[in-house]
> 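After the structure tokens below, expect a handful of questions from me.
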Protein chains: 2
Amino acid sequence: MTAATTQQVFRAIADPARRSILDRLAREGATAALELGAGFHGSQPALSKHLRVLREAGLVRTRRDGRRVLYTLRPGPLADVERWISLYRQFWEGRLDALARHLDETP
Amino acid sequence: MTAATTQQVFRAIADPARRSILDRLAREGATAALELGAGFHGSQPALSKHLRVLREAGLVRTRRDGRRVLYTLRPGPLADVERWISLYRQFWEGRLDALARHLDETP
DNA sequence: TTTGTATATCACCAGATGGTTATGTATGCA
DNA sequence: TGCATACATAACCATCTGGTGATATACAAA
């Protein structure tokens with residue numbers, strides 16, 4: 001299996017249903033697929049597709065447990081997003097540094 | 001104009017062309033629309049559409065300067081993304097806390 | 001075995017997305 | 001006034017996305 005791209009990660013977290021799944025995994029740890037669907041208004045295949053997107057982005061890992069499949073959070077790839085966005089943090093924090101100086105050259 | 005939603009922000013940054021535009025604005029400050037298209041392989045209307053998405057997500061502001069329109073970075077809404085992702089930072093940083101304890105209940 | 005449960009995949013569909021060319025609008029300049 | 005420049009929008013199109021019901025696969029239990 002080829003490594004997930006940064007683009008796949010950005011795309012994966014662009015969907016609210018998938019962010020919700022990640023949030024659930026963070027709060028509750030290893031969770032069966034169907035259980036992750038609780039609160040998700042959609043069919044089982046729809047859920048399964050979201051899980052596949054998360055898998056292919058490298059954001060979750062699976063392990064079989066009897067006839068269930070347990071999903072676990074795998075947050076590593078989120079570091080790519082964090083790295084990108086951290087460049088901007090200084091802006092909204094109101095600090096003026098080398099980057100901010102270039103901004104808002106309004107007369 | 002209605003306030004931009006968090007969802008609009010996540011969607012806006014999901015496209016590499018738009019992230020690239022934001023990066024350019026961060027580095028170079030107020031920039032004319034066409035100039036932002038340098039390095040972007042696509043038509044002028046395509047660029048204009050991306051800029052509209054960024055505008056509607058509240059990530060850029062515009063100001064007219066003669067016959068050009070200058071775009072300025074408006075990073076505030078990115079704080080929503082940062083807030084969400086910061087929940088996960090502790091995970092990939094390897095710290096074990098209340099959240100991490102729930103994870104990886106692998107035997 | 002047969003049956004039930006848990007999940008993934010298939011085949012398909014409607015709507016969103018990103019691209020295009022053509023055109024409209026605002027501004028500056030001859 | 002007329003024309004060029006800078007940008008936005010309109011109209012259209014192909015592809016992607018997320019949804020669906022039907023079906024396949026894996027495992028457990030009867």
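Lettering follows sequence order; numbering is per chain, from 1.
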> Any N or O donor-acceptor pair linking the side chain of Gln44(B) to the base of dA8(D) at under 3.5 Å?
yes

> Which nucleotide in the list dA8(C), dG19(D), dT9(D) gets nearest to the side chain of Leu51(A)?
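The answer is dA8(C), which lies nearest to the side chain.
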
> Under 3.5 Å, side chain of Thr31(B) to main-chain N/O of Gly29(B), donor-acceptor pair present?
yes

> Of all the choices, dT20(D), dG19(D), dT9(D), which nucleotide is nearest to the side chain of Ser48(B) once you look at every atom?
dT9(D)

> Could you state the atom-to-atom distance from CD of Gln7(A) to P of dT17(D) in whole Å?
9 Å

> Can you find a pair of side-chain heavy atoms, one from Ile21(B) and one from Leu47(B), that are under 4.5 Å apart?
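Yes. Closest side-chain heavy atoms under 4.5 Å.
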
> Are Glu56(B) and Arg11(B) close enough that some pair of their side-chain heavy atoms sits under 4.5 Å apart?
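In short, these two side chains do not touch, never coming nearer than 4.5 Å.
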
> Measure the angle between the two terminal helix axes of the helix from dT1(C)-dA30(D) to dA30(C)-dT1(D), five base pairs each, and quote it to 10°.
10°

> Return whichever of Leu47(A) or Arg52(B) has its heavy-atom-nearest nucleotide of DNA chain D closer to the 5' end.
Arg52(B)

> For Ala14(B) versus Gln7(A), what's the shortest heavy-atom pair and its separation?
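In terms of heavy atoms, the two residues are closest at O-NE2, 2.9 Å.
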
> Between dG19(C), dG19(D), dA8(C), which nucleotide gets closest to the side-chain atoms of His50(A)?
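Output: dG19(D).
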
> Check whether any side-chain N or O of Tyr71(B) sits under 4.0 Å from OP1 or OP2 of dA8(D), and answer yes or no.
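Yes, Tyr71(B) has a side-chain N/O under 4.0 Å of OP1/OP2 on dA8(D).
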
> Do Tyr71(A) and Leu54(A) have side chains that get closer than 4.5 Å, going by heavy atoms?
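Tyr71(A) vs Leu54(A): side chains apart.
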
> Find the distance Leu54(A):CG to dG18(D):C1' and express it as a whole number of Å.
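To the nearest whole Å, that distance equals 14 Å.
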
> State, with a plain yes or no, whether a side-chain heavy atom of Phe10(B) is found less than 4.5 Å away from one of Asp80(B).
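No; the side chains remain at least 4.5 Å from each other.
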
> Could you write nucleotides 1-6 of chain D as a row of B, S and -, 5' to 3', where a protein heavy atom under 4.0 Å of any base atom gives B, of only sugar-phosphate atoms gives S, and otherwise -?
---BBS

> Indicate yes or no: at least one non-hydrogen side-chain atom of Val9(A) is less than 4.5 angstrom from one of Leu78(A).
yes

> Would you indicate whether the side-chain heavy atoms of Arg89(A) and Glu82(A) approach each other to under 4.5 Å?
yes

> What residue among Ile13(A), Asp23(A), Val81(A) forms side chain to side chain contact (heavy atoms under 4.5 Å, CB included) with Tyr88(B)?
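When side chain to side chain contact (heavy atoms under 4.5 Å, CB included) is applied between Tyr88(B) and each of Ile13(A), Asp23(A), Val81(A), only Asp23(A) qualifies.
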
> Nearest whole angstrom, please: distance from the C1' of dT7(C) to the CZ of Arg55(A).
10 Å

> Rounded to whole Å, how long is the line connecting atom CG of Leu70(A) with atom P of dT5(C)?
19 Å

> Starting at atom CG of Asp65(A), determine the distance to atom P of dC27(D), rounded to an integer number of angstrom.
12 Å

> When every nucleotide of nucleotides 12-17 of chain C is labelled 5' to 3' by its protein contacts under 4.0 Å (heavy atoms), B for base, S for sugar-phosphate only, - for none, what sequence of letters results?
-----S

> Calculate, to the nearest 0.5 Å, the distance between atoms CG and CD belonging to Leu36(B) and Glu28(B) respectively.
8.0 Å

> Quick check on dG19(C): is either OP1 or OP2 less than 4.0 Å from any side-chain nitrogen or oxygen of Ser43(B)?
no

> So which heavy atom on Ala32(B) is nearest to which on Leu70(B), and how close?
N-CD2, 3.6 Å

> Given side chains that start at C-beta, do those of Val60(B) and Leu51(B) come closer than 4.5 Å, heavy atoms only?
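A side-chain contact under 4.5 Å is absent here.
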
